[in-house]
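Right, one structure below, let's go through it.
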Amino acid sequence: MNVGRNPSGADHLLAIGAEKAVMTVATSAALRSVLNVLESGQFPDVKVGVAPMPGLREDGGGGIAVGGGALFVVNRSSAAEQEAARIFARWLAEPEQQARWHVGSGYVPIRKSAVDLPAVQELWSAQPQFRVAYDQLFAGQAVTAARDRELSEVRDAVVTALEEMLLQGKDPDAAMDGAAQKANQAIEEYNDRIR
């Protein structure tokens, strides 16, 4: 079902709770929130199953596009602020903090050493759903993906085309051709900036 633009990222999940959909694709970072809502008893008939992200290639190849939050240190800050940001980023990347972040959210740890810690091992034993994204990420091929801005431009082009088809009756080929043009333009502009 088309839940529309879904800026909060929750509408497709709520559609399952409202029994309007039976499955969805979501970020691993939403897993803890989803489980917390279900544990509250609000949706007693909903059960969570987690599977690897499906691919389109028949040979099973391809990779996983990694997304999510990012931290940046900008050179417009004072030297002291930049140093404080560097210290914070280094601390956040330590195995203990990565394990805590993973257990508390579902985000995949950025350090393999974090998964050896007892908190992660206990979580994976009790709730193996949390391990699925990690296993797929580290078993697959690396994928170089555009940053969020370019990704959102491509996503918006596709969503706009879907809305034109479903809500305005636009010819599917024309709608998707328009989406492809907008998406390709965003990708070309991105490639020009990073070359």
Side-chain angles (χ1 to χ4, degrees), residues 6-10 12-14 16 23-43 46-57 60-152 154-155 190 193-194:
N6 193 19
S8 71
H12 63 296
L13 297 168
L14 293 171
I16 293 173
M23 67 174 283
T24 189
V25 175
T27 174
S28 66
L31 187 54
R32 174 57 64 204
S33 296
V34 167
L35 293 173
N36 287 348
V37 167
L38 294 178
E39 289 167 6
S40 76
Q42 187 172 0
F43 301 104
V46 175
K47 305 292 182 237
V48 173
V50 176
M53 182 68 74
L56 298 176
R57 290 179 41 181
I64 308 304
V66 179
L71 299 175
F72 298 90
V73 178
V74 295
N75 64 5
R76 294 185 179 148
S77 302
S78 70
E81 290 171 321
Q82 289 181 46
E83 178 63 8
R86 184 196 66 76
I87 291 168
F88 174 73
R90 186 175 176 180
W91 172 84
L92 187 60
E94 291 173 354
E96 293 78 12
Q97 282 65 252
Q98 285 297 300
R100 185 174 179 193
W101 187 252
H102 174 64
V103 169
S105 67
Y107 268 101
V108 174
I110 62 169
R111 300 204 43 172
K112 290 180 180 181
S113 55
V115 304
D116 294 328
L117 295 177
V120 174
Q121 290 300 309
E122 290 167 13
L123 174 71
W124 286 1
S125 178
Q127 295 178 301
Q129 305 98 316
F130 281 89
R131 185 175 182 152
V132 173
Y134 178 87
D135 285 346
Q136 186 176 21
L137 179 66
F138 286 100
Q141 296 174 295
V143 171
T144 302
R147 297 175 311 187
D148 284 343
R149 188 179 104 202
E150 288 74 23
L151 178 60
S152 68
V154 171
R155 182 184 300 125
Y190 170 74
R193 282 194 308 274
I194 64 168

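Just so it is clear, the model here is predicted, and its values are computed rather than measured.
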Which pairs of donor and acceptor atoms, one on a side chain in residues 124-133, lie under 3.5 Å apart (sequence neighbours left out)?
residue: Trp124; atom: NE1; partner: His102; partner atom: NE2; Å: 3.0
residue: Arg131; atom: NE; partner: Asp135; partner atom: OD1; Å: 3.0
residue: Arg131; atom: NE; partner: Asp135; partner atom: OD2; Å: 3.0

Please round to the nearest 0.5 Å and tell me the distance separating atom CG of Leu117 and atom CG of Leu123.
12.5 Å

Nearest heavy-atom pair of Pro109 and Ala114: which atoms, and what distance?
CB-CB, 4.0 Å

Please check this pair: side chain of Gln42 against backbone of Val37, looking for a donor-acceptor N/O pair closer than 3.5 Å.
no

d(Asp116 CG, Arg111 CZ) to nearest 0.5 Å is 11.5 Å

Rounded distance [0.5 Å steps], CH2 in Trp101 versus CD in Glu94
15.5 Å

Could you grab the distance from atom CD1 of Ile87 to atom CZ of Arg90, nearest 0.5 Å is fine?
8.5 Å

Closest approach of Val103 to Ala119 (non-hydrogen atoms, all atoms of both residues):
CG2-O, 3.8 Å

Distance, nearest 0.5 Å, that separates CD1 of Ile16 from NZ of Lys47
13.5 Å

Would you give the length of the straight line joining atom CG of Leu92 to atom CD1 of Ile110, rounded to the nearest 0.5 angstrom?
7.0 Å

Going through the distances and angles, do Val34 and Val46 end up as a side chain to side chain contact (heavy atoms under 4.5 Å, CB included)?
CA-CA 10 Å; Val34 167; Val46 175; over 6 Å; no

With Arg86, which residues qualify under side chain to side chain donor-acceptor pair (under 3.5 Å), at least two apart?
Glu83

Which residues share a side chain to side chain donor-acceptor pair (under 3.5 Å) with Ser78, sequence neighbours left out
Glu81

If every non-hydrogen atom of Gly106 is compared with every non-hydrogen atom of Ser28, which pair is closest and at what distance?
O-OG, 3.1 Å

If you compare all heavy atoms of Val108 against all heavy atoms of Gln98, which two are closest, and at what distance to 0.1 Å?
O-OE1, 4.4 Å

Would you say that more than 12 heavy atoms from the other residues, nucleotides or ligands in this model lie under 6.0 Å from the CZ of Arg100, or not?
no

